[in-house]
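Presented below is the structure to which this report refers.
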Amino acid sequence: MSKNLVIVESPAKAKTIESYLGKDFTVKSSFGHVRDLPEHDMGVDVENGFKPVYEISADKVKVINELKKLAKEAEQVWLATDDDREGEAISWHLKEALGLPDDTKRIVFREITKSALQNAIERPRNIDLDLVNAQQARRILDRLVGYELSPVLWKKIRIGKSSLSAGRVQSVAVRVIVDREREIDAFQSKSSFKVTARFDLGNGKILNAELPKNFDKEAEAYAFLEKCIQAEFSIKNLETKPAKKSPAPPFTTSTLQQEASRKLSFSVSQTMTIAQKLYEAGKISYMRTDSTNLSEEAMGKAKDQINSEYGTEFHQRRTYKTKSESAQEAHEAIRPTDFSTLVASKDRNEQRLYELIWKRAIASQMSDAQLERTTATIGISTTKEELVAQGEVIKFEGFLKVYLESNDDDSDEEQKGMLPPLNIGQQLNLSDMKATERYSRNPPRYTEASLVKKLEEMGIGRPSTYAPTISTILRRGYVVKEDRPGQEREFKELTLRNNEIKGKVSKETYGTEKAKLFPTSTGMIVNDFLVNHFQDIVDFSFTANVEKDFDNIAEGKVSWQRMIDNFYKGFHKKVAEAEGEKIDRSLTTRELGEDPNSGKKVSVRVGKYGPYVQIGDVEDEEKPKFASLQKGQLMETITFEEAMELFKLPREVGFYEDKGMVVNIGKYGPYVKHDDKFYSLSPTDDPMAVTEERLIEIIQEKRKQESNRIIREYDENPNAKVLNGKYGPYIAFGKRNIKIPRGTEPTSLTYEDVLKLAEGTEEKPAAAKAKGGRKTAAKKTKKD
DNA sequence: CAGTGAGCGAGCTTCCGCTTGACTT
């Protein structure tokens, strides 16, 4: 039994701190918040000063009981939760739940180092009630908004499979995505002609140059190339300028999520799960942070590492200011706990993320890269226009030796190389010149990570909520994360070679999307409803504005009840107004035209099972015809022609082995059904046009594949087989799938080999189908 | 790898921020 009980938020942090403080201190964790408003009730008395009802969260009852016991035994309790608004509130809730006196010692530190801890212990204070009240205002505002708005949606918009919801953060996240989709839809791509030239300098050396301006019209580009026939080209000017590049600050949660997405293709939640493992193993500092600050101790260790590994000229001490205004900076930036550790994990993804964190943190304490940029201007004897060639040479690598931040826009900014040696006045020999048609690009769709970046810029959400917010808007069906194929378009290219201009038309694919966020019809409808009725809540600056109020409460200038009262008066009036209005069908219905066959109305609607097209009315004597919209189609943008196409499926296409074949589009794309079996069409098959012959081919192919599936069976055990799968040969052992070691010939595996390989593998089947994410979540909430 | 969609009424859903596991698929 020790004299002192210190309570922090995270168990991993508790362990570290305990090792620093010695045997007189027991350090325990609260595992985050311990009390909250009730889940199934508003829990806020709007008629009596917004008095909140707090209860100990179901999953914290055990923690609280244990802490109560330890607190009783200890002489002194220290509340050491995080140094920010939420942390202060956690301390207050702990004090209330544990029955501690009001003057219980409260200590704070923003980095976990021995000196920071000692400093904190020497300067305890009491709980800052103003700061606690700012948190209560934040919590209660979110509850009022979420729990008054969501039921309005249930009553006024009855669509979608999962229950609708709205909130200060999620609704703005959806709005950002909906707005962007409409921008893209309205975007008019313009083409122009870009001129590039290649000069042959002899000895295999080539100089690439381009015209700084593009031509809007093909005729102008042609005229320019014409002028260049027989023209003489010479170097008119050479200019060399020094330049430098500086490293990016060490990672915060949001920048880590962005870089892991760009460089490692991790999803936001994947990044957090992996980072959590590294944190729990003591390899990195805390991963939910908005600070770019490094402790003195960490900077010193980074310096040692850089000096010994790269040399002192590579080190430059830097401190970074956190950009975001909403930052609360209770922690350090994300960094390795020990810079001399290069291998932190055997797990490939953990190691890859660790390396990213290590490199970024090390680079942030390194010197600038020194560059030299050379621009060569090339004169043309027949015109005033000039061509430009640019090159770049790295004079001193600096931080680039370790790390370069990547870019969001996949713009074709090619790596500039070195220019060959050139002199002013030098005559150049043109080998060819091209004018290529280029199209302007629409604004990009959001990835998970670029959405997080956008939210952070607007001050919306916190490091601990970025990943859950994305899960929420996906789970609600407001947004889908998908790959979408691009479209083809033609572009023209004029080439001048050997004094002759030739034209050519080629095809390119554009607009291919990978793992991007698209709004659904449901998302658009809910968004429009909120924008119409609750403009100020989904306003992009709403959070920033209320944050100012919270700051005033934290400084003791305003009472939290007064702030909430001010907000609630206007808000609740709008809720009452919206509830009083009739259900607006125009939100969920769009007329498309008339069916030429029956003369009946064609409309697109959104119902319980998603968006669909309807021919006719339910009041008609004959029942209306229905067809679901396909993946990627929206109520808002589908055309009459596209809608009518949907009724052409399912298509009956001929017979095979005396049984009919039916083509349709299912959950996993187009398929043909034959004899109660399903066969997927390949992406190049058009379900509307695919022929009987091709379908028979598809069925035979699949059958052949199936027959090749079994590589080897064993008499000893009918449940052990060597099979040919999607990813190559593998062993199926009961319910388990086992990898075959590299270099082993699958046909040569004996049953003994199989048993040996099966040894040590887990009982569970290795891979599971990604199918039930939604189900799991639903179950979870029910259980609670 | 389906076929569902109206309207009625019952009874259900819901927020944001702190923390980890537990548990399917």
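Only a predicted model underlies this, so the values are computations on that prediction, with no experimental measurement involved. Letters A, B, ... mirror the listed sequences (proteins, then strands); counts begin at 1.
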Has [X] got a side-chain N or O lying under 4.0 Å from the OP1 or OP2 atom of [N]?
| X | N | answer |
| --- | --- | --- |
| A:Thr465 | B:dG17 | yes |
| A:Ser10 | B:dT19 | no |
| A:Arg462 | B:dC18 | yes |
| A:His40 | B:dT14 | no |
| A:Ser165 | B:dC15 | yes |
| A:Ser30 | B:dC18 | no |
| A:Gln135 | B:dG17 | no |
| A:Arg476 | B:dC15 | yes |
| A:Arg158 | B:dG9 | no |
| A:Arg288 | B:dC18 | no |

Give [X] one of three labels, base, sugar-phosphate or nothing, depending on what nucleic acid heavy atoms sit under 4.0 Å from its own.
| X | result |
| --- | --- |
| A:Pro11 | sugar-phosphate |
| A:Gly87 | nothing |
| A:Val169 | sugar-phosphate |
| A:Arg143 | base |
| A:Gly607 | nothing |
| A:Tyr286 | sugar-phosphate |
| A:Gln276 | sugar-phosphate |
| A:Ala166 | sugar-phosphate |

Rounded distance in Å - [atom1] ([X]) to [atom2] ([N]):
| X | N | atom1 | atom2 | value |
| --- | --- | --- | --- | --- |
| A:Glu619 | B:dG7 | CD | C1' | 11 Å |
| A:Asn664 | B:dT4 | CG | C1' | 14 Å |
| A:Lys277 | B:dG21 | NZ | P | 11 Å |
| A:Met272 | B:dG17 | CE | P | 14 Å |
| A:Ile140 | B:dT14 | CD1 | C1' | 17 Å |
| A:Arg85 | B:dT19 | CZ | P | 14 Å |
| A:Ile90 | B:dC16 | CD1 | C1' | 13 Å |
| A:Ile64 | B:dC18 | CD1 | P | 18 Å |

Among the candidates [options], find the nucleotide nearest to the side-chain atoms of [X].
| X | options | result |
| --- | --- | --- |
| A:Ser628 | B:dG17, B:dT13, B:dT4 | B:dT4 |
| A:Glu280 | B:dC15, B:dT20, B:dT19 | B:dT20 |
| A:Pro151 | B:dT14, B:dT20, B:dA6 | B:dT14 |
| A:Tyr612 | B:dT19, B:dA6, B:dT20 | B:dA6 |
| A:Arg168 | B:dG17, B:dT14, B:dT20 | B:dG17 |
| A:Tyr609 | B:dT20, B:dT4, B:dC16 | B:dT4 |
| A:Tyr279 | B:dT20, B:dC16, B:dA6 | B:dT20 |

Stepwise ring pair (Phe, Tyr, Trp, His ring centres under 6.0 Å) test for A:Tyr671 and A:Tyr679:
CA-CA 5 Å; A:Tyr671 65 92; A:Tyr679 305 86; 9.9 Å; no

Less than 3.5 Å between a donor and an acceptor, one on the side chain of A:Arg138 and one on the base of B:dC16, is that the case here?
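Donor-acceptor pair under 3.5 Å: yes.
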
Do we count A:Trp154 as stacking onto B:dT13 if the rule is ring centres under 5.5 Å and planes under 30°?
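Here the ring of A:Trp154 and the base of B:dT13 are stacked, with centres under 5.5 Å and planes under 30°.
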
Aromatic-base stack, A:Tyr147 on B:dT14, cutoff 5.5 Å, angle under 30
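Yes, A:Tyr147 stacks on the base of B:dT14, since the ring centres sit under 5.5 Å apart and the planes are within 30°.
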
Could you tell me whether [X] sits above the aromatic face of [Y], with NZ or CZ closer than 6.0 angstrom to the six-membered ring centre and within 45 degrees of the axis?
| X | Y | result |
| --- | --- | --- |
| A:Arg106 | A:Trp92 | no |
| A:Arg476 | A:Tyr478 | no |
| A:Arg168 | A:Phe542 | no |

Keeping the roles fixed (side chain from A:Glu9, backbone from A:Asp82), state whether a donor-acceptor pair exists under 3.5 Å.
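Yes, A:Glu9 side chain to A:Asp82 backbone: donor-acceptor pair under 3.5 Å.
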
Could you tell me how the ring of A:Tyr279 sits relative to the ring of A:Tyr286: parallel (under 30°), tilted (30 to 60°) or perpendicular (over 60°)?
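Rings of A:Tyr279 and A:Tyr286: perpendicular, as their planes differ by over 60°.
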
Taking the inter-plane angle between the rings of A:Tyr568 and A:Phe571 on a 0 to 90° scale, is it parallel (under 30°), tilted (30 to 60°) or perpendicular (over 60°)?
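Plane angle between 30° and 60°, so tilted.
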
Start at the 5' end of DNA chain B and walk down; is the nucleotide closest to A:Leu37 or to A:His33 reached first?
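This one resolves to A:Leu37.
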
Distance-only donor-acceptor check, side chains A:Glu581 and A:His533, under 3.5 Å
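Side-chain D/A pair, A:Glu581 to A:His533: present.
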
